[in-house]
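One structure is given below, encoded as C-alpha cells.
The sequence lines fix the lettering, A, B, ..., with proteins before strands; numbering per chain opens at 1.
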There are 2 protein chains.
Amino acid sequence: MSDTPQAVSGFIERMGLAAQSDGMPRIAGRILGYFIIHDGPASLAGLARELQVSRASVSTNARILRNLGVLEATAVPGDRQDYYQLAQRHYLRLLEGYVERMGTMSASLEQAERELPADWAGAQTRLADMHHFIDTARDTIRELIERLAERSDGVSHEQKP
Amino acid sequence: MSDTPQAVSGFIERMGLAAQSDGMPRIAGRILGYFIIHDGPASLAGLARELQVSRASVSTNARILRNLGVLEATAVPGDRQDYYQLAQRHYLRLLEGYVERMGTMSASLEQAERELPADWAGAQTRLADMHHFIDTARDTIRELIERLAERSDGVSHEQKP
DNA sequence: CCGATCGTTCAATCAATACTGAACGAAACG
DNA sequence: CGTTTCGTTCAGTATTGATTGAACGATCGG
C-alpha cells in the first residue's frame, strides 16, 4: 500500500464507496477494486496486508464475493493458502443480483394482487401496472446478460494462461 | 391501521424492507407502499397516523421521495395541509436512479483508465472491459425507460380526474 | 508427534444512520 | 393581533450492521 500510486488506492476506495451505496460492505468493494487493478490470484493474507484490514474481514468479504460469483477460489501449487481470483464476466453476476431482487419484488406485488379485494380498483390497477413494469425490466436485463455473456464467450479472460 | 386487512399492512411492510435492501430508509418504502395501495392524495399528518411513525419521519421521507420524483406535491382546496400523491410512472424514477449510479461508476472507471500507467496491460484490459459493460448496461436501461415511458403516455394515470 | 500457519467463527466494539421529540418559524383563521 | 395548526429542523437516542481481535480446529512441514 505504501508504494501504490494514488490512482490505485483512490480507485479502490471509490469502489468501496460504490459497493456501500449498493448495499454491500465497503471492504467487499475494495477487494473487487483490488482485483480489477491487480493481476492474478491473491491470498487472503495478501489482501489483508494490501488493503490494511483484518484477516477476519477479508475472509468474510471474500466469501461474500465468491458466493456472488464475482470471485472464484483457485490454488497456487506449492502454497497451501487459499487463493482467489476474479471470475470471468464478474460484472454479470452483479446484474444477476438485480434480477433476483426484482424477482422478489415481482412476487411481492403478485401476492398483494392476490390477497387484496378485487374491487379495490385503484390499488389493483397500480399493482398490475407496477408488476408489468418490473417484469419487463427484469426480462430486459436478463436479455442484456445473455447478450453480454455471449459477446465475451470467444474472448479469453484468463489471467495466467 | 386498526381496520386495515393483514394483506395491506403486510405489503406495506414488505415494501419497507425492499427499500431498505435498496439502500433507502424503511419508512420511505412504507410510504411508497401506502400510496400504491391507497388512492388519492394524503396529508403528512394522515400518513404519520396510518403508518404509526412520527411526523418528522414522514416529513423527511416524503421529501426524499419527492426529490426522487416518486411522489409529487398537490393541494386539496380548502385544506392548507401539504398533500402528496404518487407521480405517474413513479417506478421509472427508480430506474433513473440506477442509471445515475452507473454513470458515476462509468466515470470512476474512466478516471482509473486515464490515471493508471498505460503499460499495466491487465488492469487496462479489465477496466476497459468493465467500462464497456457498464455503458451498454446503462444504454439498455435508458432505452427501457424510454420504451416504458411512451407506453404509458396515452394511458391516464390520474387518480382524481 | 509438535509447532506453525492458515481460514473461520464469535463476541465485542465501533460507526453510520434511521428515527424521534421538542423547539421553531410561517401561515391561516378567528 | 393572538391562537392554532402546519411543516421543518436539530440534537439526542436507538438500532443496525460492519469491522476487529481473540480463540478454535484443521492442515501442513519438520
Any chance the rings of A/Y98 and B/Y98 have centres within less than 6.0 Å?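 Distance test on ring centres: under 6.0 Å, yes.
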So, does A/S54 get its side chain near the phosphate of D/dT20, meaning an N or O under 4.0 Å from OP1 or OP2? yes
Please tell me if A/S59 has a side-chain N or O lying less than 4.0 Å from either OP1 or OP2 of C/dG7. no
Considering only side-chain heavy atoms of B/D82, which listed nucleotide, D/dG7, C/dC6, D/dT4, is closest?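 The answer is D/dG7, which lies nearest to the side chain.
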Shortest side-chain distance from A/T60, nucleotide among D/dG7, C/dT9, C/dG7: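 Looking only at side-chain atoms, A/T60 lies closest to C/dT9.
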Taking the nucleotide of DNA chain D with the closest heavy atom to each, which residue, B/Q20 or A/S57, is nearer the 5' end?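 Taking each residue's closest nucleotide, the earlier one in sequence belongs to B/Q20.
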Given A/E115, A/R114, A/E113, the one that forms side chain to side chain donor-acceptor pair (under 3.5 Å) with A/Q111: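 When side chain to side chain donor-acceptor pair (under 3.5 Å) is applied between A/Q111 and each of A/E115, A/R114, A/E113, only A/E115 qualifies.
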5' precedence on DNA chain C between A/A56 and A/R26 (nearest-nucleotide basis): A/A56
Relative to the 5' end of DNA chain C, which residue comes earlier, A/R66 or B/V53, by the nucleotide with the nearest heavy atom?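 Final value for this comparison: A/R66.
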Around atom CD of B/E143, are there more than 12 heavy atoms of other residues, nucleotides or ligands at under 6.0 Å? no
Heavy atoms under 4.0 Å, any strand shown: does A/R55 hit a base, just sugar-phosphate, or nothing? base
Rounding to a whole Å, what distance do you find between [X]:[atom1] and [N]:[atom2]?
X	N	atom1	atom2	value
B/Q81	D/dT5	CD	P	11 Å
B/I27	C/dC19	CD1	C1'	6 Å
B/R63	D/dC10	CZ	P	11 Å
A/Q52	D/dT20	CD	P	10 Å
B/M24	D/dT16	CE	C1'	19 Å
B/N61	D/dG7	CG	P	15 Å
A/L17	D/dA18	CG	C1'	14 Å
B/Y84	D/dC6	OH	P	15 Å

In terms of ring plane angle, is the pair A/Y91 and B/F133 parallel, tilted or perpendicular, where the classes change at 30° and 60°?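 Parallel: the ring planes of A/Y91 and B/F133 meet at under 30°.
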Going by modelled atom types, is there a donor-acceptor pair between the base of D/dT5 and the side chain of B/R80 at under 3.5 Å? yes
Looking at A/S57 and A/V53, would you say the former's side chain and the latter's main chain have a donor-acceptor pair under 3.5 Å? no
